[in-house]
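One structure below.
Heavy atoms only: backbone and side chains are in, while hydrogens, waters and symmetry mates are out. Proteins get letters first, then strands, A, B, ... in listed order; numbering begins at 1 in each.
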Amino acid sequence: MLQPSNLLGSLLNYAVSTQSSLLGRAVHAQIIKTLYNPLPSFLCNYLVNMYSKLDHFNSALCVLSLTDARTVVTWTSLISGCVQNGRSAAALLCFSNMRRESIQPNDFTFPCVFKASASLHMPFTGKQVHALAVKAGQICDVFVGCSAFDMYSKLGLRVEAHKMFDEMPEKNIATWNAYISNAVLDNRSQDAFDTFKKLLCVGGEPNSITFCAFLNACSHTKNLDFGRQLHAFIIRSGYGENVSVSNGLIDFYGKCQDLFSAEMVFDRIIWRNDVSWCSMLASFVQNNNEERACLVFQQARKEGVEPTDFMVSCVLSACAELGGLELGRSLHALAVKACVEQNIFVGSALVDLYGKCGSIVDAEQVFNEMPERNLITWNAMISGYAHQGDADLALALFGEMTSSKPEMAPSYVTLVSVLSACSRAGAVETGMRIFESMRESYGIEAGAEHYACIVDLLGRSGLVERAYQFIEKMPIPPTISVWGALLGACKMYRKPEIGKIAADNLFKLDPQDSGNHVVLSNMLAAAGRWEEANLVRKEMKDVGIKKGVGYSWMTVTNRVHIFQAKKNNVHERNDEIQAMLSKLRKEMKEAGYAPDTNLSLFDLEEEEKDLEVWYHSEKIALAFGLIALPPGVPIRITKNLRICGDCHSAIKFISRIVCREIIVRDNNRFHCFKDGKCSCKDYW
DNA sequence: GTAGGGTTAG
């Protein structure tokens with residue numbers, strides 16, 4: 001039979017495993033009531049362990065300080081709880097206090113202290129602890145050796161890590177797992193593969209952690225064939241039902257773009273945990289299926305899964321891609337409710353979302369209120385300004401980041417945002433200066449995206465020839481976005497000669513894209529070169545390329561309304577939409593608007609051209625917005641293609657006539673129309 | 001009584 005005191009100990013451990021502080025405190029109260037005096041040492045250990053693991057550091061410290069009977073177990077319980085809850089500095093402090101009491105650390109203490117040194121990036125401390133472990137004769141212990149190896153790997157001290165691994169007198173599965181997972185972290189996938197094979201050769205039995213770590217290596221190398229074989233091996237080894245391994249498989253298949261298999265694994269998990277949901281959701285986001293990602297999230301909510309910081313940041317990124325501001329706002333509210341809005345991932349995702357949805361004021365507010373920010377947060381804010389075409393603010397923030405945060409070196413992505421802000425604002429000299437100093441000032445080698453920004457920067461400013469010369473001198477092969485930027489500039493400044501070169505290169509790189517063919521033929525037509533223009537159209541037909549269909553959509557009270565060009569008779573409020581369109585047309589004409597059909601169409605009569613551009617999907621969506629949303633509320637439209645010149649000038653007129661803010665997000669950027677002007681300054 | 005290695009995100 002259990003002694004009452006043993007029962008109390010078991011209850012305290014149960015409180016830890018169920019994460020119930022309430023139960024833990026109740027048991028503590030019972031212990032006080034029973035008036036154990038003095039408190040037996042083992043009960044004190046249980047109590048310290050309970051408080052420390054549940055992250056009630058002060059209570060744990062209190063219990064520890066009030067007893068004289070503390071031992072190495074008491075201290076180690078406290079230290080391990082600190083490390084588990086991310087209080088590594090406190091853990092090290094407790095360790096030195098323990099030694100001050102002349103209590104020798106044991107084989108349980110060292111692993112915790114190694115872990116703390118690694119997570120604080122303190123190589124000097126780590127080496128000192130290592131020396132202590134050698135002196136104490138504990139380094140030969142398989143657990144201590146394993147955690148010392150893990151620490152050296154995580155600190156990037158490869159030589160020490162290697163020595164540790166080779167000189168270990170004994171290895172167990174955790175040792176092998178540590179080796180494999182650190183190889184993956186260091187981007188040494190081949191090493192991970194070789195070690196996995198070696199493990200099997202020496203007759204070692206991989207466990208769930210081995211599989212999780214190794215699946216990560218397969219995701220990194222996108223080795224689908226190997227991963228499939230591994231999946232079969234996992235099932236044969238009896239780990240097919242393991243939820244963590246299944247989660248790893250979902251992630252692996254998602255990263256290898258095999259969503260079918262990812263879903264199959266997900267569907268077969270009997271007890272899904274929050275990581276399972278998150279992995280499935282992230283797989284859809286990574287494969288550009290944001291709608292499905294949102295559905296998975298809804299399903300998770302229906303099944304009562306509590307939203308975690310991981311999950312919220314995942315869904316937020318889906319919303320950002322969809323331009324779903326309304327859904328994004330409701331997620332923001334959910335994040336506040338779930339107390340995860342302070343999480344750095346969630347905060348950065350919110351800045352990114354608001355920036356991408358053109359709600360720059362909200363992005364700024366989240367950014368300013370975040371308790372801590374990292375490189376990703378700054379990048380999101382800078383890119384928000386870039387999307388808006390606000391080079392001054394983007395550059396100011398970039399300046400603040402480089403001058404006041406020397407520890408935060410700008411990344412490849414930062415410079416893409418900065419350069420694109422320059423190009424969108426026509427800041428040629430500044431942009432060129434930053435581009436040329438990239439390597440020297442920030443140690444960043446220019447990549448295809450940076451080159452594309454510069455071509456865009458020069459092209460938009462009318463320096464089309466210079467942009468072309470710039471491409472010819474590129475040390476790396478020009479990509480689709482580089483030639484695309486040049487083609488765009490040729491369209492804007494009517495340079496059909498260079499335009500043809502750009503288009504030919506695009507046809508080679510992306511033969512199925514209809515947009516490039518359309519731009520080239522329109523450009524030739526505008527230059528009066530009808531025969532060549534027709535030839536391009538004919539080629540399109542021959543190869544079987546169809547012009548992409550234009551869609552616009554908007555959300556009104558949680559429902560998405562989709563509009564397609566010319567197909568204006570499908571919406572239930574079509575009559576009202578048509579009436580609104582006619583009214584607008586009349587008012588705009590009076591205000592001096594004339595349809596701009598110049599570059600978009602060449603084989604229609606004037607009258608037809610007028611009507612053709614009049615029924616572009618964004619105009620229909622706008623008309624719907626005007627009847628469906630209360631006066632004064634901004635209208636937000638998302639479009640799958642680039643906005644055309646006529647719609648752009650029409651919406652400028654409309655924004656003044658109806659006194660409303662109209663935000664159009666096309667597949668390239670944001671246009672915020674207000675009082676007859678657009679945030680892009682007619683430069684897109 | 002106290003321990004090591006793993007899966008999801010911006």
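For dG4(B), its base sits under 3.5 Å from the side chain of Asn172(A) at one donor and acceptor pair at least. Side-chain atoms of Asn374(A) come within donor-acceptor range of the base of dG10(B), with a qualifying N/O pair under 3.5 Å.
Within the structure, a side-chain polar atom (N or O) of Ser181(A) is placed less than 4.0 Å from OP1 or OP2 of dG6(B). Distances shorter than 4.0 Å separate none of the side-chain N or O atoms of Asn242(A) from OP1 or OP2 on dT7(B). The side chain of Asn343(A) contributes no N or O atom lying less than 4.0 Å from OP1 or OP2 of dA9(B). At dT8(B), none of the side-chain N or O atoms of Gln286(A) fall inside 4.0 Å of OP1 or OP2 (strictly under the cut-off). Between Ser317(A) and the phosphate of dG10(B), there is a side-chain N or O to OP1/OP2 separation shorter than 4.0 Å. Here Lys53(A) reaches the OP1 or OP2 of dA3(B): one of its side-chain N or O atoms lies under 4.0 Å away. In this model, the phosphate group of dA3(B) is approached by a side-chain N or O of Gln84(A) to a distance below 4.0 Å at OP1 or OP2.
In terms of modelled atom types and a separation under 3.5 Å, the side chain of Ser359(A) and the main chain of Asp362(A) share no donor-acceptor contact.
Between the CD atom of Glu372(A) and the P atom of dG10(B) there is a distance of 17 Å, rounded to whole Å. Between the P atom of dG6(B) and the CZ atom of Phe211(A) lies a distance of 16 Å, rounded to the nearest Å. As a whole-Å value, the separation of Leu249(A) CG from dG6(B) P is 18 Å. The interatomic distance linking Asp251(A) (CG) with dT8(B) (C1') rounds to 7 Å, in whole Å. Straight-line distance from the CZ atom of Phe310(A) to the P atom of dG10(B): 10 Å, rounded to whole Å. In this structure, Leu185(A) atom CG and dT8(B) atom C1' are separated by 15 Å, rounded to whole Å. Look at CG on Leu230(A): it is 14 Å from P on dT7(B), rounded to the nearest Å. Taking atom NZ of Lys171(A) as the reference point, atom P of dG5(B) lies 17 Å away to the nearest angstrom.
Tested against Tyr179(A) for a ring pair (Phe, Tyr, Trp, His ring centres under 6.0 Å), the candidates Phe165(A), Phe214(A), Phe196(A) yield a single pass: Phe165(A).
Between Phe211(A) and Phe233(A), the ring planes are perpendicular. Angles over 60° get that label, and only those under 30° would be called parallel. Using cut-offs of 30° and 60° for the angle between ring planes, the His130(A) and Phe114(A) rings count as perpendicular.
Of the candidates dT7(B), dT2(B), dG10(B), dT2(B) carries the atom nearest the Asn49(A) side chain, counting heavy atoms from C-beta on. Considering only side-chain atoms of Phe108(A), the nucleotide from dG10(B), dA3(B), dG5(B) that sits closest is dA3(B). The side chain of Ala282(A) approaches dA9(B) more closely than any other nucleotide in the set dG4(B), dA9(B), dG10(B). Side-chain atoms of Lys115(A) lie closest to dG4(B) of the nucleotides dG6(B), dG4(B), dT7(B).
Applying the 6.0 Å contact sphere to CD of Gln128(A) captures more than 12 heavy atoms from other residues, nucleotides or ligands.
No donor-acceptor contact under 3.5 angstrom links the side chains of Ser10(A) and Asn13(A), judged on distance only.
Ring-base stacking between Phe143(A) and dA3(B) is not satisfied when judged by a centre separation under 5.5 Å and a plane angle under 30°.
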